[in-house]
Novice: 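Have a look at this one.
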Amino acid sequence: MSFSAKQWLTKIHDLPLPPKVRIMNVCGGHERSITMAGLRAALPSNIELIPGPGCPVCVCPEEDVYAAIQLALEEKVTLVAFGDMLRVPVNVSKQAVRSLEQAKAVGADIRPIASPLEALEIAQRADKSQIVFFVTGFETTTAPVAALLAQGIPDNLLILLSGRLTWPIVDQLLATGQAQFDALIAPGHVATIMGSQEWAFVVEKYHMPTAVAGFTSESLLAAMYSVLRQLIEKKCFLDNCYPQVVNEQGNLTAQRFLQQTMQTVDANWRGIGIVKQSGFQLQNSQQDAKLQLTDYSKVARQRMGTMPAGCDCAKVVLGNIYPNQCCLYGKSCTPRSPIGPCMVSDEGACRIWWSGGVHNDE
Amino acid sequence: MQVVEIQGFNARCEAKGVERTVSLFMLQEENIVVGDYVMIHVGYAIQKMTHQEAQSTWELFDEVLAAESPHA
């Protein structure tokens with residue numbers, strides 16, 4: 001049998017809950033569903049839902065965004081990127097071009113896309129002129145890019161890759177105690193590709209209740225119920241509350257494409273630093289924009305790589321503070337004029353909370 | 001989305017009256033046929049959807065317990 005959201009809520013309210021339980025999610029899609037459905041207000045007040053590192057745009061190194069802007073401006077390439085990268089500002093003077101959107105406004109050829117297949121189409125139509133596909137994303141988005149590479153891309157298409165893996169940052173959070181939480185909701189689409197088993201380490205190494213969730217209120221509440229009952233009964237296991245698409249192994253074809261075309265390397269997370277084995281790097285240097293064109297990410301400039309002054313995005317991403325605890329939130333930083341990446345991306349916790357109507361320190 | 005038509009690695013899929021072409025390249029080792037439901041991400045089908053009733057292992061656990069209970 002399958003319960004409705006209301007029934008799951010009743011079951012959660014009926015549990016003998018401890019005075020305080022903190023459940024972290026690590027997926028912008030989860031945070032969006034939780035916020036838009038108003039689940040925080042519907043749950044018992046002793047349950048805290050913490051949005052964690054679930055936004056690839058938010059952790060994309062500032063240097064990489066700068067590199068993409070410069071490639072479009074200086075090398076005159078056609079730069080294609082997922083739409084929500086276009087408004088991420090970099091640390092340059094107010095008079096200089098600060099985002100891909102501004103570069104487009106001054107004449108650079110920048111095109112927002114929604115699928116890697118569009119990048120391929122643009123490259124095929126462009127004949128010989130140079131196309132650079134700026135890729136940000138976690139495993140779910142990086143795997144289709146790997147599929148595209150495995151299928152074969154034309155010589156005029158280069159990849160500027162800022163793909164990241166999610167589990168290493170969670171491992172780091174748990175190993176270092178950088179974030180305090182009692183249970184984990186594991187990301188449903190990442191697990192669809194990589195398999196639920198990738199999250200077994202949270203249970204085995206850290207003895208923490210864990211459940212993979214989908215994106216409906218029912219699936220999210222089932223996962224919350226599961227981790228709460230695991231805590232109460234002191235029986236930790238990895239639950240799969242998204243069995244419609246998630247299995248233990250994941251999509252093995254997608255994983256093979258990732259292995260064939262990319263390797264995992266230590267990688268920089270904006271405002272957080274190097275996270276071991278958390279980045280994707282292309283196997284074929286011929287396809288790598290950083291190796292084939294000028295690597296502007298390495299060009300020294302003031303404040304390169306840092307967060308904008310006063311911006312607490314990194315703390316929000318790590319689950320150390322809630323979005324509305326940043327002093328810029330809703331004041332100088334809004335979706336209309338974002339300062340930090342968490343207010344730009346649809347997967348950023350600040351943007352999601354603002355869209356969900358959280359307009360002050362409630 | 002539901003698969004409406006398949007041509008090579010591409011499929012025409014439909015959900016709530018909206019149709020789009022998606023790549024089946026990542027599901028090439030699965031047997032996908034017209035009528036199947038697939039999960040789409042950035043233009044690629046990433047997994048075939050299956051019908052599952054229980055949403056948590058606890059549901060199955062409680063069902064077994066209830067079945068074993070003499071008062072059930």
Side-chain angles (χ1 to χ4, degrees), chain A residues 1-3 8 11 29 82 113-118 120 137 139-148 150-151 188-189 191-193 211 213-214 216 218-230 233 235 237-247 250-257, chain B residues 1-33 35-69 71-72:
Chain A
M1 85 154 283
S2 150
F3 296 115
W8 280 117
K11 283 169 75 69
F82 292 116
I113 56 169
S115 164
L117 297 166
E118 288 177 61
L120 178 66
E139 296 92 328
T140 323
T141 304
T142 310
V145 175
L148 182 79
Q151 204 165 4
H189 283 155
T192 303
I193 297 283
T216 60
E218 287 80 10
S219 180
L220 281 159
L221 289 167
M224 289 172 203
Y225 174 82
S226 178
V227 294
L228 290 166
R229 193 157 161 199
Q230 289 179 48
E233 301 207 8
K235 238 186 227 172
F237 63 94
L238 173 66
D239 205 353
N240 178 6
C241 301
Y242 196 23
Q244 295 84 359
V245 289
V246 173
N247 58 48
N251 182 331
L252 295 175
T253 311
Q255 290 169 34
R256 201 179 66 241
F257 291 148
Chain B
M1 297 183 94
Q2 190 170 23
V3 177
V4 179
E5 190 189 342
I6 299 174
Q7 277 194 333
F9 285 128
N10 289 329
R12 210 153 47 82
C13 294
E14 188 270 335
K16 294 178 185 167
V18 178
E19 278 201 1
R20 56 194 279 207
T21 301
V22 304
S23 170
L24 294 178
F25 199 67
M26 285 166 68
L27 291 182
Q28 56 184 274
E29 281 149 58
E30 295 273 327
N31 180 29
I32 305 291
V33 296
D36 281 348
Y37 285 87
V38 286
M39 172 61 65
I40 314 288
H41 183 72
V42 295
Y44 282 77
I46 60 171
Q47 194 56 278
K48 185 171 162 175
M49 299 191 73
T50 57
H51 183 72
Q52 299 278 347
E53 281 280 327
Q55 288 173 101
S56 164
T57 304
W58 290 112
E59 286 180 71
L60 306 170
F61 180 77
D62 289 343
E63 246 175 57
V64 171
L65 276 189
E68 283 173 357
S69 159
H71 306 292

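In what follows, chains are A, B, ... by sequence order, proteins preceding strands, each numbered from 1.
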Novice: Can you confirm whether B:E30 sits close enough to A:T253 that some side-chain heavy atom of one is under 4.5 Å from a side-chain heavy atom of the other?
Specialist: no
Novice: Considering the options A:S2, A:S226, A:S219, which one meets the side chain to side chain contact (heavy atoms under 4.5 Å, CB included) requirement together with B:S56?
Specialist: A:S226
Novice: I'd like to check B:Q55 versus A:L221 (side-chain heavy atoms, cut-off strictly below 4.5 Å). Are they in contact?
Specialist: no
Novice: Any idea which of A:Q244, A:E118, A:R229, A:K11 has the most non-hydrogen atom pairs under 4.5 angstrom with chain B?
Specialist: A:R229
Novice: Should B:V42 and A:P116 count as side-chain neighbours, where that means a heavy-atom distance under 4.5 Å?
Specialist: yes
Novice: Quick one: are A:N240 and B:Q52 in side-chain contact, heavy atoms under 4.5 Å?
Specialist: no
Novice: If you count heavy-atom pairs under 4.5 Å with chain A, which of B:L27, B:V38, B:T57 comes out on top?
Specialist: B:T57
Novice: Considering only heavy atoms, which portion of A:L148 lies under 4.5 Å from any heavy atom of chain B: side chain, backbone, both, or neither?
Specialist: both
Novice: For the residue pair A:H189 and B:H41, categorise the inter-ring angle as parallel (less than 30°), tilted (30 to 60°) or perpendicular (more than 60°).
Specialist: tilted
Novice: Where does B:F9 contact chain A at under 4.5 Å (heavy atoms): side chain, backbone, both or neither?
Specialist: side chain
Novice: With only heavy atoms counted, which part of A:A147 is less than 4.5 Å from chain B, the side chain, the backbone, both or neither?
Specialist: both
Novice: Search all heavy atoms of A:A143 against all heavy atoms of B:M26 and return the closest pair with its distance.
Specialist: CB-CE, 3.8 Å
Novice: Mind checking the CD1-OG1 spacing from B:I46 to A:T140? Nearest 0.5 Å is all I need.
Specialist: 6.0 Å
Novice: Which atoms of B:F25 come close to chain A, meaning under 4.5 Å heavy atom to heavy atom: side chain ones, backbone ones, both, or neither?
Specialist: both
Novice: Need one label for B:D62: side chain, backbone, both or neither, based on atoms under 4.5 Å from any heavy atom in chain A.
Specialist: side chain
Novice: For B:E29, is the CD atom crowded, meaning more than 12 foreign heavy atoms sit under 6.0 Å from it?
Specialist: yes
Novice: Distance check, rounded to the nearest 0.5 Å: B:W58 atom CH2 versus A:E233 atom CD?
Specialist: 4.0 Å
Novice: Return the NZ to CG distance between B:K48 and A:N247, rounded to the nearest 0.5 Å.
Specialist: 12.5 Å
Novice: In Å and rounded to the nearest 0.5 Å, what is the CD to CZ distance from B:Q28 to A:F257?
Specialist: 4.5 Å
